[in-house]
Amino acid sequence: MSEDTQQTLVLIKPDGVQRGLVGEIISRIEARGLRIAAMKMTHLDMETASNHYGVHRERPFFKGLVDFIISSPLVAIVLEGPNAVDLVRRTMGATNPVEAQPGTIRGDLAIEIGRNLIHGSDSTETAASEIQLFFDAAEITTYERDVQPWITE
Ligand code: IDP
Ligand code: MG
């Protein structure tokens, strides 16, 4: 990984899986040019879900959020590229879909904060711990893409 390359964790939340939007959401991120380094479908247990959203433990929506995130399988993806954290966050749109810009995933495909389809790490530090929570190091692939010079200089 070169110096400015970042990794970030994306979750396509249970609402995305149930609504048949997995392909649509992956397409939007993949088309941006980030490299998919790891991907799997998994059904979270309560402990992993509580860990993942631990920062929100004291918030009133925490229980509902954890219940929702374990209610059905989700898709976890590691994406890699320059500025991957911010690129994904901007492609996702604002947390509340009402405020998310049209053209973003949440702005085009969601209407409520509690069903906003997608998670993306908010910093490189949280990305590192979130990726560890979802993936073993051996599951994270490194490979060259022939198209790379047409995406980054
Ligand atoms: P983010 O997903 O955009 O990073 P966070 O503030 O980290 O947003 O919140 C994590 C998740 O918790 C949100 O994506 C959303 O699903 C849920 N959430 C955040 N705030 C609220 C709220 O006020 N009511 C219900 N759910 C919320
Ligand atoms: Mg967050």
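Note: hydrogens, waters and symmetry copies are ignored here, and every other heavy atom, side chains too, is used. Nothing here was measured: the structure is a model prediction, and the numbers come from that model. Both ligands and their constituent atoms are indexed starting at 1 by order of listing.
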>> Filter on side chain to side chain donor-acceptor pair (under 3.5 Å), then keep only pairs touching residues 104-115, sequence neighbours left out; what's left?
In response: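 Checked against side chain to side chain donor-acceptor pair (under 3.5 Å) - neighbours excluded - the pairs reaching residues 104-115 are Arg28-Asp108.
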> How does the hydrophobic cluster around Ile151 look, that is, which other residues are in it when side-chain heavy atoms under 4.5 Å mark a link?
Replying inline: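 Taking Ile, Leu, Val, Met, Phe, Trp and Tyr as members, Ile151 shares its hydrophobic cluster with Val147, Trp150.
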> Apart from Tyr143 itself, which Ile, Leu, Val, Met, Phe, Trp or Tyr residues share its cluster (side-chain heavy atoms under 4.5 Å, direct or through members)?
Replying inline: Val10, Ile12, Val17, Leu21, Val22, Ile25, Ile26, Ile29, Leu34, Ile36, Met39, Met41, Val75, Ile77, Leu79, Leu87, Val88, Met92, Ile105, Leu109, Leu117, Ile118
> Listing by chain and number, which residues have a heavy atom under 4.0 Å from ligand 1?
Replying inline: Lys13, Tyr53, His56, Phe61, Leu65, Arg89, Thr95, Arg106, Ile113, Asn116
> Just checking, Lys40 and Phe135: is the charged tip under 6.0 Å from the six-membered ring centre and within 45° of the axis?
Replying inline: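 Judged by the rule, Lys40 and Phe135 form a cation-pi pair.
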> Parallel, tilted or perpendicular: which describes the rings of His56 and Phe61, with under 30° parallel and over 60° perpendicular?
Replying inline: tilted
>> If the threshold is 4.0 Å, N to carboxylate O, is there a salt bridge linking Lys63 and Asp67?
In response: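 A salt bridge links Lys63 with Asp67.
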